[in-house]
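Written out below as structure tokens is the structure these notes cover.
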Amino acid sequence: MDAYDKGSKARPVPGEPEPAAAVPDSLPPEGHETSDDHETSVSPEQKPSGEAPARIPQQYGDRQREDQQYDGQYGDEQYVDTALAGPPLPPPAGIAALSLPYQIAAALALAVVAVAACVHVGMVFLHVAPSNTVTKQHGQAIDEWIYPEFEQNWKLFAPNPLQQNIAVQVRADVRATDGEIRTTRWYDLSALDGAAIDGNLLPSHTQQNELRRAWDFFVATHDNANRPNGLRGALSEKYLRRIVVLRLDREQAGGRGAVVQQVQVRSRTTNVPPPKWSQEQVSDKPIVRELPWWPVSEADRAAGTRPGESTGTEASAR
């Protein structure tokens, strides 16, 4: 071929610069690479000394065989591959930070608490729910769980919730140290309990429920003429009488050295006013229920006196 031949095999003319490499007529589309753009793969043995072998990324669609997993070693060289490593994992917290025996103990404790909570919620629900087959068959077990600490004074689906304020009051005939018998004023025991509860973050069960439940017990076992209507009538009367004797001793009614001879209890019931938006009309006149005088026995006085005092109920009027 002569000097005027065209193509890649044309011979160069002396004294002229070498022609540039021929550019192919058609270039690949933008974003695509030809095989010439890829770096030629070099085996790890051909790498210069001191240079870590390059990690060739896995091509899309290829799967690495389990028997060819990369272990970070090539021959005598070893390095840590950090290209695929993520951020460091945070240290375990909570129960996971404990050792296995403590994890088991914590799991058991949580399980016991969860079971006890479920049982308690179920017992309270059955206690306040209307009478059903379960409460008829297991009523005693439910009452033993609820009373006295978890007592609920309400019922589900109550047709007429309590809308009254009931105050229990008491007065007594006492014998003073000079032998004179005189009658004390009326003591509003419910108001005293309310004053003790007001502002108290942890009021006692006695302050909240003792007097109220004793009066409810008496009303439930007596008719409107204050006559007992069942076997528990005498028990409810004795229970209420000993409570009021104890409270009179606490209030020191009649003066120091005075002995309570008999007591009289009454209730004063007033309706709770309805809200302004309600059209319900209720009477604001209080209803008084006065019980007969009850003589106080030595057993009642012993139950209502402080330790070491067995002669009677001592008090000083305020």
Exercise for the section: Tell me, please, whether Tyr239 has Arg242 positioned over its six-membered ring: NZ or CZ under 6.0 Å from the ring centre and within 45 degrees of its axis? Expected result: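 Relative to the ring axis of Tyr239, which defines the angle, Arg242 lies outside at least one limit.
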
Practice task
Tell me, yes or no, whether the heavy-atom count around Asp178 atom CG, taken from other residues, nucleotides or ligands under 6.0 Å, exceeds 12.
Solution key: yes

Practice task
Begin from the C-alpha positions of Asn200 and Gln207 and carry the test side chain to side chain contact (heavy atoms under 4.5 Å, CB included) through to its verdict.
Solution key: CA-CA 11 Å; Asn200 189 352; Gln207 293 171 335; 3.8 Å; yes

Distance (rounded to the nearest 0.5 Å) between [X] [atom1] and [Y] [atom2]:
X	Y	atom1	atom2	result
Arg256	Thr177	CZ	OG1	11.0 Å
Leu126	Ser131	CG	OG	11.0 Å
Phe217	Leu240	CZ	CG	10.5 Å
His222	Leu291	NE2	CG	8.0 Å

Practice task
May I ask you to say whether Arg247 pairs ionically with Glu251, meaning some side-chain N is under 4.0 Å from a carboxylate O?
Solution key: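 A salt bridge is absent here (no side-chain N lies under 4.0 Å from a carboxylate O).
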
Practice task
Please test Val124 against Ile146 for side chain to side chain contact (heavy atoms under 4.5 Å, CB included), starting from the C-alpha separation and ending with a verdict.
Solution key: CA-CA 7 Å; Val124 173; Ile146 294 296; 3.9 Å; yes

Exercise for the section: Name all pairs fulfilling the side-chain hydrogen bond (donor to acceptor under 3.5 Å, both in side chains) condition that reach into residues 116-126, sequence neighbours left out, sorted by first residue then second. Expected result: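 Counting only pairs at least two positions apart or across chains, the side-chain hydrogen bond (donor to acceptor under 3.5 Å, both in side chains) contacts touching residues 116-126 are His120-Trp145.
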
May I have the list of side-chain donor-acceptor pairs in residues 92-103 shorter than 3.5 Å, sequence neighbours left out?
| unit_1 | atom_1 | unit_2 | atom_2 | d |
| --- | --- | --- | --- | --- |
| Gln103 | NE2 | Ile95 | O | 3.2 |
| Gln103 | NE2 | Ala96 | O | 3.2 |
| Gln103 | NE2 | Leu98 | O | 2.8 |

Problem - ILVMFWY cluster, Trp186 and Ile287 together (side-chain gap under 4.5 Å) - result: no

Practice task
Would you indicate whether the side-chain heavy atoms of Asn226 and Arg289 approach each other to under 4.5 Å?
Solution key: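 A side-chain contact exists here, since the closest heavy-atom pair is under 4.5 Å.
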
Under 3.5 Å donor-acceptor pairs involving side-chain atoms of residues 168-175, not counting sequence neighbours:
| unit_1 | atom_1 | unit_2 | atom_2 | d |
| --- | --- | --- | --- | --- |
| Gln169 | OE1 | Arg266 | NE | 2.6 |
| Gln169 | OE1 | Arg266 | NH2 | 2.8 |
| Arg171 | NE | Gln264 | OE1 | 2.9 |
| Arg171 | NH2 | Gln264 | OE1 | 2.8 |
| Asp173 | OD1 | Thr183 | OG1 | 2.5 |
| Asp173 | OD2 | Gln262 | NE2 | 2.6 |

